[in-house]
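What follows is one structure encoded as structure tokens, with my remarks underneath.
Throughout, protein chains are lettered first and strands after them, A, B, ... in sequence-line order, and every chain is numbered starting at 1.
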Amino acid sequence: MLDRDLIRNHPDLVRNAIARKGLNAPIDEFLKVDVTRRQIQTDLQDKQAEMNRISKSIGMLMGQGKKDEAEAAKAQTKDLKDAISLGEGQQRELEAQLRDIELQFPNLPHDSVPNGKDETENVVVRTWGEMPTYEEQPLAHWDVADKLKLLDLPRGAKISGSGFVLYTGAGARLQRSLFSFMVDHQTTKNGYYEVYPPYLVNRASLIGTGNLPKFEEDLYKVDDDLYLVPTAEVPVTNIYRDEILNGSDLTIKLAAYSGCFRREAGAAGKDTRGVLRIHQFDKVEMVKFTKPEDSYDELESLVRDAESILQTLGLHYRVIELCAGDLGAKGAKCYDVELWSPGVGRYLEISSCSNFEAYQSRRANIRFRRAQGDKPEFVHILNGSGLACPRLFSAILETFQQPDGSILIPEALRPYVGTDRITA
RNA sequence: GGAGAGGUCGCAUAGUGGUCUAGUGCGCCGCACUCGAAAUGCGGUGAGGCGCAAGUCUCCGAGAGUUCGAAUCUCUCCCUCUCCGCCA
């Protein structure tokens with residue numbers, strides 16, 4: 001959601017910014033409904049004020065025992081009452097319309113975001129580490145996993161369907177180690193506070209983060225109007241929905257492990273092998289609530305926090321800045337961290353770190369007060385993966401495979417995995 | 001799942017149809033007193049919308065209804081607590 005005043009006063013600025021993303025928004029519709037709504041509201045309020053005056057006078061007349069005068073005053077209210085209930089109906093309807101329109105607006109890209117139409121125009125910001133070299137072409141993780149019995153893909157599909165993965169033995173242990181390690185890392189090294197959220201959320205939460213109403217088809221829905229979380233971003237961001245935070249408590253930095261559930265509608269045929277794109281996966285998510293003036297510094301450190309995991313594990317990666325056309329609807333600015341997968345032979349996105357500015361906080365109504373007595377302002381909200389487990393899992397299998405077929409476990413993970421090497 | 005109780009301005013409470021534009025206490029802010037503090041006294045202290053402004057409207061868990069008028073009455077829903085049942 002955007003600032004209403006901004007759309008009213010600078011519609012062209014909004015239009016142009018959104019065009020940079022290659023998107024559009026119902027700006028004219030917004031302006032039209034907004035004007036009518038305000039006219040009707042002003043008119044309605046005059047009538048309500050008049051009605052309040054009359055009602056109050058009736059109360060006083062009754063108190064003084066002047067029954068006849070009270071009855072006379074009551075008779076006056078008939079027309080007013082009808083007009084008010086008509087106005088209230090219109091007002092309610094227009095406000096609902098306006099809200100629906102508003103929710104369709106994408107966020108505006110930050111000025112620093114480069115132009116570009118799609119992912120081909122993203123910019124590589126930096127790379128870390130060396131691309132590892134091997135005597136022979138390294139195996140893809142699905143082959144490594146097969147040899148070491150770390151995954152049972154056929155049975156995963158039998159249990160739930162394609163895109164659902166059964167981790168087995170050391171594979172299961174490695175997977176469990178990854179998110180434990182990452183949560184510990186973010187809380188002890190980077191200053192995040194750990195939370196562990198519900199996996200089922202209501203519609204209001206999904207509207208708050210911007211997943212609804214637009215992206216319903218990406219989500220699993222269960223009974224009672226609840227949805228499975230596509231990422232911990234949703235429950236964690238909504239922790240403070242409809243709250244006013246103390247400015248002195250900002251920046252708030254939260255880290256959460258959760259399962260993630262995505263229908264991946266429309267992604268059929270893309271990255272289907274192994275664990276590259278699956279319906280259920282594990283992820284550690286970082287969410288920050290900041291003052292507006294701090295959010296871009298916090299975005300930089302958020303990316304660094306995501307990177308620090310890969311550096312600790314010794315995995316080669318690069319950071320790219322998304323161009324306007326690849327930003328998506330919600331983000332104002334976004335960096336992706338792409339992890340090198342030697343077996344697949346590609347860089348794969350493993351983290352996406354975004355500054356949403358006040359886009360989500362307007363939708364979720366999350367504000368802060370700088371000091372006692374100050375007007376509440378919207379916080380800026382950022383989030384980033386820290387990190388997604390399956391692609392980290394696969395990169396470890398591919399990067400650290402040894403000539404004898406075993407996997408050397410990175411130092412930092414050994415206490416969690418309980419061994420320095422996974423063998424057949 | 002069953003029975004009961006309850007959701008009021010940061011917290012605690014009052015309010016059961018008409019000066020409630022919601023009172024009081026605590027907390028918080030300002031001022032006074034003080035060398036300073038405590039205590040005390042006085043004043044202030046929610047959010048949102050519309051309006052250039054004066055101002056005005058809305059919000060007492062959410063929604064609908066009755067009424068000239070609803071925190072207060074009716075209905076539906078949500079949440080919390082207690083007891084019972086079931087259960088990881």
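The partner of B/rA14, taking Watson-Crick or G-U wobble pairs whose two distances both stay under 3.5 Å, does not exist in any strand shown. Pairing for B/rA39 is absent, judged as Watson-Crick or G-U wobble with the two contacts each under 3.5 Å. Using N1 to N3 plus N6-O4 or O6-N4 for Watson-Crick, or N1-O2 and O6-N3 for G-U wobble, each under 3.5 Å, B/rG27 pairs with B/rU45. Base pairing analysis places B/rG1 opposite B/rC84; the two distances defining the Watson-Crick or G-U wobble pair are each below 3.5 Å. Across all strands shown, B/rG51 has no partner, as no Watson-Crick or G-U wobble contact with both distances under 3.5 Å is found. Across all strands shown, B/rU74 is found opposite B/rA64 as a Watson-Crick or G-U wobble partner, with both distances under 3.5 Å.
The P atoms of B/rA22 and B/rC59 are separated by 12 Å, rounded to the nearest whole Å. Here the separation of B/rA62 from B/rU72, taken at their P atoms, is 11 Å to the nearest Å. B/rG46 and B/rG36 have their P atoms separated by 31 Å, given to the nearest Å. B/rC52 sits 40 Å from B/rG65 when the C1' atoms are compared, rounded to a whole Å. Rounded to a whole angstrom, the distance from the P atom of B/rC28 to that of B/rU66 is 47 Å. Going from the C1' atom of B/rU8 to that of B/rA14 covers 10 Å, rounded to whole Å. Rounded to a whole angstrom, the distance from the C1' atom of B/rA3 to that of B/rC73 is 25 Å. On the P atoms, B/rA32 is 11 Å away from B/rA37, given to the nearest whole Å.
Residue A/Lys47 is out of contact with every strand shown, counting any heavy-atom pair closer than 4.0 Å. Note on A/Arg4: nothing from the nucleic acid sits closer than 4.0 angstrom, heavy atoms only. When heavy atoms are screened at a 4.0 angstrom cut-off, A/Thr77 is found touching the sugar-phosphate backbone but no base atom. Residue contacts shown for A/Arg369 are limited to sugar-phosphate atoms, with no base heavy atom under 4.0 Å away. A/Gln48 comes within 4.0 angstrom of the backbone, heavy atoms only, and of no base.
In this structure, CG of A/Asp374 is placed 18 Å from P of B/rC28, rounded to the nearest angstrom. Note: NZ (A/Lys56) to C1' (B/rC20) measures 9 Å, nearest angstrom. Atoms CD (A/Glu95) and P (B/rG49) sit 10 Å apart, rounded to a whole Å. Atom-to-atom, CD1 of A/Ile54 to P of B/rG69 comes out at 11 Å; the value is rounded to the nearest Å. Distance, A/Leu245 CG to B/rG10 P: 15 Å, rounded to whole Å. One interatomic measurement links the two molecules: CZ of A/Arg363 to P of B/rG48, which rounds to 20 Å at whole-angstrom precision. Counting to the nearest Å, the P atom of B/rC50 and the CD1 atom of A/Ile40 are 15 Å from each other. Put simply, CD on A/Gln41 is 13 Å from P on B/rC59, counting in whole angstrom units.
Residue A/Ala49 places its side chain closer to B/rU56 than to any other of B/rU56, B/rG18, B/rG51. Side chain of A/Asn52, nearest nucleotide from B/rC68, B/rG48, B/rC57: B/rC57. The side chain of A/Ile244 approaches B/rA47 more closely than any other nucleotide in the set B/rA47, B/rG69, B/rU21. Residue A/Ser55 places its side chain closer to B/rG18 than to any other of B/rG49, B/rG18, B/rA47. When each of B/rC68, B/rC50, B/rG48 is scored by its nearest atom to the side-chain atoms of A/Arg8, the top-ranked nucleotide is B/rC50.
Annotation: of the two residues near RNA chain B, A/Gln45 and A/Glu50, the 5′-most nearest-nucleotide partner is A/Gln45. Between A/Met51 and A/Arg37, it is A/Arg37 whose nearest contact on RNA chain B lies nearer the 5' terminus.
Here the closest heavy-atom approach between residue A/Lys288 and residue A/Ser301 is recorded as NZ-OG, 2.8 Å. A pairwise comparison of heavy atoms in A/Gln186 and A/Ala255 identifies CB-CB, 4.2 Å as the closest pair. Across A/Val303 and A/Cys353, no two heavy atoms sit closer than the pair CG2-CB, 3.8 Å.
Between A/Phe30 and A/Phe105, the two ring planes are perpendicular [angle over 60°; tilted spans 30° to 60°].
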Inset, instruction - Please test A/Leu6 against A/Leu108 for side-chain contact (heavy atoms from CB on, under 4.5 Å), starting from the C-alpha separation and ending with a verdict. - result: CA-CA 11 Å; A/Leu6 183 70; A/Leu108 308 183; 3.9 Å; yes

Legend entry - Verdict with supporting geometry, A/Leu80 and A/Asp82, side-chain contact (heavy atoms from CB on, under 4.5 Å): CA-CA 5 Å; A/Leu80 248 189; A/Asp82 291 343; over 6 Å; no

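Residue A/Lys149 places its NZ atom among 12 or fewer non-hydrogen atoms of other residues, nucleotides or ligands, all under 6.0 Å distant.
Phosphate contact (OP1/OP2 of B/rA64, side-chain N/O of A/Arg92, threshold under 4.0 Å): present. Proximity of A/Arg38 to the phosphate of B/rG51: a side-chain N or O atom is located under 4.0 Å from OP1 or OP2. Phosphate contact (OP1/OP2 of B/rC68, side-chain N/O of A/Arg53, threshold under 4.0 Å): absent.
In terms of modelled atom types and a separation under 3.5 Å, the side chain of A/Glu398 and the main chain of A/Val344 share a donor-acceptor contact.
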